Amino acid sequence: MTRTIRRSMIACAAAALSVVALMPASMLAQAPSCVATPALPFNGQADACQKAIDLFAFILPQVGVAVSGGNPIPGDAGTLGGFGKRSLAVRVVAVDARLPENSVPLTVGAATASDFGATRAVLPLPSVDLALGLLPGIPYGLTNVGGVDLLLGATWLPSVSQDEFSLDPKNGGFGFAYGLRVGALQESSLVPGVSISWQRRHMPTTDFSYTPFNDTLRVGETTMRSDAFRLIASKRIRMFGFALGVGQDQIFGESAMTAVVNDDSGILPVRQTLSLTGLRESSKRNTAFLNASLNLIRIRLVGELGWSSEGDRRQTLNTFGGRRANEGYRYGSLGITTRF
């Protein structure tokens, strides 16, 4: 695995851990959960807490896009047609991301503005998705209306260590997904498939550590989920297929942070431990995507391109090479699907 991809995987997972730490910079001084030991002047705006909040606010939407993806079953929109029908998809979702590139030291006392920089990178996330037909729907002309499919899935996140970053997912690094797809129209030779769906994706509980110089920033026992709502239409024409969809992603998370900051700039060295507990946050974004597929006997090769629009503005004290927190991002995926 190349250095860029490994750093991308770490940052992708770090965002999943950090999703819950998204508080605006202006709120940090009011956050009673940011506690410093020993208590020093201005520790209510401790630098480590502010940098954690800003860093996670910047990375959060990017991992949210990777986790949610576009179409829950690549290339498909219509329901499967009833009990016993199944569809399996294996794919890798990637985000055209901007990741922090500078090693920024933590300081004791009041928060200071630093530039983390931003370098272009790809955030890949592999997953397996399964659709199971439950109800065929009601016949209506050349189609069925009201069919229902059960959606299941799994996402894998590996353990990685690179430079000052380390990532340790729990439970083997697997996160699971479930949801439902309801058909407005089942695809036939003349009628396109149209459906609405809801899917909840969980990332595995994970510990993430960032150790610039002789300092340590740790986000532990972090959990995150993404609720993806989709409206999709699709049509196959001989060997080719197309699908177009729009939707909304809602990202939720919960975590806690601890940090150890060593400051040797004064007469006596100072070692301070900080904690930021009870972190809960959410983010909402709109998305649109296009699928194109090539149908080969038993399998379909599917490519996807999508755009996740800018979410709510996040004010940060620290900067990221001119990029704002919660910007819009492009994403795409490549995968294989089959029905059986």
Side-chain angles (χ1 to χ4, degrees), residues 12-13 15-17 19-20 63-93 125-137 146-158 169-184 186 193-206 221-232 234 243 245-255 280 282-285 287 289 291 302 304 306 308 331 333 335-340:
C12 180
L17 309 174
V19 62
V20 298
V63 75
V65 173
V67 172
S68 301
N71 199 336
I73 302 295
D76 252 340
T79 50
L80 296 174
F83 188 78
K85 303 292 183 65
R86 298 174 295 274
S87 178
L88 179 68
V90 179
R91 61 177 160 178
V92 176
V93 180
L125 203 65
S127 66
V128 177
D129 296 284
L130 177 67
L132 301 174
L134 296 181
L135 299 174
V148 178
D149 295 338
L150 174 66
L151 302 176
L152 300 172
T155 301
W156 180 62
L157 189 66
K170 310 300 181 182
N171 303 319
F174 288 96
F176 298 96
Y178 55 89
L180 288 174
R181 178 170 64 181
V182 179
Q186 185 178 348
V194 179
S195 67
I196 58 174
S197 65
W198 165 82
Q199 190 172 36
R200 173 167 293 179
R201 290 184 176 273
H202 290 269
M203 289 295 290
T205 300
T206 316
E221 296 297 323
T222 303
T223 59
M224 187 201 104
R225 75 175 191 266
S226 170
D227 286 349
F229 302 87
R230 300 288 186 262
L231 170 63
I232 310 170
S234 69
V246 295
Q248 185 176 89
D249 299 325
Q250 296 180 354
I251 304 166
F252 307 86
E254 184 170 358
S255 187
R280 296 180 180 86
S282 62
S283 179
K284 183 183 296 183
R285 301 169 67 85
T287 190
F289 52 89
N291 292 178
V302 185
E304 178 177 75
S308 179
Y331 65 91
S333 71
I336 299 174
T337 67
T338 184
R339 288 193 176 191
F340 58 100

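All values reported here derive from a predicted model rather than from experimental measurement.
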| Just how far is it from atom CG of L80 to atom OG of S195, taken to the nearest 0.5 Å? | 10.0 Å
| request: Report the C-alpha separation of L125 and T155 in whole Å, then their side-chain angles, then the decisive distance to 0.1 Å, and conclude whether the side-chain contact (heavy atoms from CB on, under 4.5 Å) test is met. | output: CA-CA 7 Å; L125 203 65; T155 301; 3.5 Å; yes
| How far does NZ of K284 sit from CD of Q250, to the nearest 0.5 angstrom? | 5.0 Å
| request: Indicate the atoms forming the closest heavy-atom contact of P72 with S197, along with that distance. | output: CG-OG, 3.6 Å
| field | For the student: nearest non-hydrogen atoms of G64 and I251, plus distance | value | CA-CD1, 3.2 Å
| note | Rounded to the nearest 0.5 angstrom, the NZ-CE distance for K170 and M203 is 14.5 Å
| Side-chain donor or acceptor of T79 paired with backbone N/O of V182 under 3.5 Å | no
| message | If I take atom OH from residue Y178 and atom CG from residue L151, how far apart are they, to the nearest 0.5 angstrom? | response | 12.5 Å
| message | Which heavy atom of G81 sits nearest to which heavy atom of Q186, and what is that distance? | response | CA-NE2, 3.5 Å
| message | Quick one: does any side-chain atom of N291 pair with a main-chain N or O of D76 as donor and acceptor, under 3.5 Å? | response | no
| message | How close do A243 and S234 get, counting heavy atoms only, and between which atoms? | response | CB-CB, 3.7 Å
| query | How many angstroms lie between CZ in R339 and CG in L88, if you round to the nearest 0.5 Å? | reply | 12.5 Å
| task | Any chance you could measure F252, atom CZ, to S226, atom OG, to the nearest 0.5 Å? | result | 8.5 Å
| said: Donor-acceptor pair, distance only, cut-off 3.5 Å: does the side chain of E304 make one with the backbone of N71? | reply: yes
| note | Per side chain to side chain contact (heavy atoms under 4.5 Å, CB included), R181 is matched among I73, I232, V148, I196 by I73
| Going by an N to O cut-off under 4.0 Å, is there a salt bridge joining D149 and R86? | no
| said: Is the shortest side-chain heavy-atom distance between R230 and T287 below 4.5 Å? | reply: yes
| said: Over 60° means perpendicular and under 30° means parallel, so tell me whether W198 and F229 are parallel, tilted or perpendicular. | reply: tilted
Under 3.5 Å donor-acceptor pairs involving side-chain atoms of residues 126-136, not counting sequence neighbours:
{"from": "S127", "atom 1": "OG", "to": "D129", "atom 2": "OD2", "distance (Å)": "3.4"}
{"from": "D129", "atom 1": "OD1", "to": "R201", "atom 2": "NH1", "distance (Å)": "3.4"}
{"from": "D129", "atom 1": "OD1", "to": "R201", "atom 2": "NH2", "distance (Å)": "2.6"}
{"from": "D129", "atom 1": "OD2", "to": "R91", "atom 2": "NE", "distance (Å)": "3.3"}
{"from": "D129", "atom 1": "OD2", "to": "R91", "atom 2": "NH2", "distance (Å)": "3.3"}
{"from": "D129", "atom 1": "OD2", "to": "R201", "atom 2": "NH2", "distance (Å)": "3.4"}

| Y331-S68 side chain donor-acceptor pair, cut-off 3.5 Å | no
| note | For T337 and A89, the nearest pair of non-hydrogen atoms, with its separation, is CG2-CB, 3.5 Å
